[in-house]
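One structure below.
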Protein chains: 2
Amino acid sequence: MPDNLIFEFIERIGYVIRTEWRKALLEYDLQPVHLDVLRYLAACNRYSDTPQGVAEYLEITKGTISQSIKQLETKGFVEKQADASDRRMVHLHLTEKAQALLDKLTPPPGFDDAMRNFSGQEEAALLGNLRDILAQWQIARKRQRFGVCHTCRHYQSGGAGTGQCGLTGEGLSAEDSQKICREFT
Amino acid sequence: MPDNLIFEFIERIGYVIRTEWRKALLEYDLQPVHLDVLRYLAACNRYSDTPQGVAEYLEITKGTISQSIKQLETKGFVEKQADASDRRMVHLHLTEKAQALLDKLTPPPGFDDAMRNFSGQEEAALLGNLRDILAQWQIARKRQRFGVCHTCRHYQSGGAGTGQCGLTGEGLSAEDSQKICREFT
DNA sequence: TCTTTTGGTATCGATTCGAAACATAATTAA
DNA sequence: TTAATTATGTTTCGAATCGATACCAAAAGA
């Protein structure tokens with residue numbers, strides 16, 4: 001059962017990642033879920049930086065995530081900004097304090113050292129395999145899909161990495177195009 | 001930053017694993033930590049199937065794990081057995097109900113499908129890489145080491161997969177030798 | 001206009017988790 | 001032997017997660 005072994009190792013490494021994070025977060029008086037939220041906000045685009053977007057990505061109910069965001073706001077890691085056109089919506093922005101925390105904890109202490117013996121070729125192969133597993137699994141799960149903007153069906157290239165979203169009509173910078181979008185199709 | 005990308009993918013797959021488990025466990029009225037405990041007990045040997053062993057492996061305080069084990073016992077997934085020689089110690093055994101749950105959830109639904117396109121060669125390479133990362137990281141972390149019995153310094157081979165533990169002097173079956181031990185050195 | 005949908009918040013109960021205190025048994029030192 | 005220390009496990013406390021549910025307000029549709 002080689003499939004099972006691969007699963008076991010990914011799961012165990014994942015567990016160690018969470019353990020390292022949990023211990024590191026104690027100093028900041030934060031819970032694991034808070035880091036998950038911050039990591040998502042750092043990676044998502046401006047259509048997806050709302051409580052609902054966080055809830056869908058983390059597959060947690062919005063009522064629950066509302067509480068976690070409240071904590072993050074109180075502690076100065078997140079700022080809320082009302083949407084200009086839709087008064088129901090709230091956009092969430094990371095503070096510098098949050099960015100510093102992410103820089104420190106991604107990847108967690110020691111992980112990079114563990115990769116030191118890998119060649120560039122091995123890394124590329126490993127990365128490709130992991131990407132495949134995740135992509136195939138996402139398809140099998142048939143869940144709400146999140147994807148990187150510039151690989152979306154709505155994305156219209158405008159050259160030099162910039163583009164336009166066919167769904168909203170808005171222009172997208174090169175940076176925008178690299179981020180995760182909840183409207184991804 | 002290819003290291004970072006590899007980390008990101010392992011972390012994300014790990015997150016999806018936990019999400020699938022969390023949803024599946026709702027039906028059984030169990031929390032994620034309960035499955036972690038059951039998985040450890042299924043993999044550890046008779047020197048390590050105690051509350052303390054669980055706590056060390058999961059890197060959670062023993063007071064916390066004591067509560068989780070209480071739940072598992074009440075719900076019929078675990079049975080406690082007093083140690084014959086040390087009256088402080090308690091050994092934890094999985095019930096058939098627990099074994100059935102593990103069989104169903106490991107790996108979680110859909111994961112095997114995601115591996116379908118891999119060749120035997122690719123799988124072997126991937127497995128080797130993951131094994132390396134975990135091993136190197138464990139060394140870098142310098143934490144309490146857990147390891148498979150037959151790779152331990154105390155293990156003395158007796159042929160045909162069986163052996164003897166140089167620490168306790170006890171005989172070890174072929175099955176024992178494949179399990180995780182907290183006395184691993 | 002009326003209804004439905006969507007985004008967000010608030011509250012409840014069960015549970016996790018770290019921390020600390022505690023009880024008991026085993027081990028070590030005097 | 002006796003006393004101090006260490007190890008295993010339980011209990012209790014407070015803060016937080018999480019699912020479930022109800023609720024409010026704004027937007028979208030009929």
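Sequence lines set the chain letters: A, B, ... in the order given, protein chains first and strands last, and positions in each chain run from 1. Note that this is a predicted model, so its numbers are computed, not measured.
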Electrostatic pair A/Asp36-A/Arg39, nearest N-O below 4.0 angstrom: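 Salt bridge between A/Asp36 and A/Arg39, a charged N being under 4.0 Å from a carboxylate O: no.
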
Any ion pair linking B/Glu59 and A/Arg22 (charged N to carboxylate O, less than 4.0 Å)?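 Salt bridge flag = no for B/Glu59 with A/Arg22.
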
Atom [atom1] of [X] and atom [atom2] of [N]: how far apart are they, to the nearest Å?
X	N	atom1	atom2	result
A/Ile69	C/dG7	CD1	C1'	11 Å
B/Asp86	C/dA26	CG	P	5 Å
B/Met89	D/dA7	CE	P	13 Å
A/Arg18	D/dT17	CZ	C1'	15 Å
A/Asp83	C/dG8	CG	C1'	13 Å
B/Leu30	D/dT17	CG	P	22 Å

Classify the side chain of A/Arg87 and the base of D/dA26 as holding, or not holding, a donor-acceptor pair under 3.5 Å.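 Such a pair does not exist between side chain and base.
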
For the base of C/dT24, is there a side-chain donor-acceptor partner from B/Arg88 under 3.5 Å away?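 No such pair is found, so the answer is no.
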
Can you find a side chain N or O atom of A/Lys70 that sits less than 4.0 Å from OP1 or OP2 on C/dG8?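 For C/dG8, OP1/OP2 do not have a side-chain N/O of A/Lys70 under 4.0 Å.
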
If only side-chain N and O atoms of A/Thr50 are considered, is one of them under 4.0 Å from the OP1 or OP2 phosphate oxygen of C/dG8?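 Answer yes for this pair, as a side-chain N or O of A/Thr50 is under 4.0 Å from OP1 or OP2.
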
Counting only heavy atoms not in A/Lys70 (residues, nucleotides, ligands), do more than 12 fall under 6.0 Å from its NZ?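 Not more than 12 within 6.0 Å, no.
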
Do other residues, nucleotides or ligands put more than 12 heavy atoms under 6.0 Å from the NZ atom of B/Lys80?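 For B/Lys80, atom NZ is crowded (more than 12 foreign heavy atoms under 6.0 Å).
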
Looking at the rings of A/Trp137 and B/Phe9, which for Trp means the six-membered one, are their centres under 6.0 Å apart?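 No - the distance between ring centres of A/Trp137 and B/Phe9 does not fall below the 6.0 Å cut-off.
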
Salt bridge (Lys or Arg N to Asp or Glu O under 4.0 Å) involving A/Arg88 - partner list, sequence neighbours excluded: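 Expected list: A/Asp86.
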
The contact string for nucleotides 15-22 of chain C, one letter per nucleotide 5' to 3', using protein heavy atoms under 4.0 Å with B, S and - for base, sugar-phosphate only and none, comes out as SSBB----

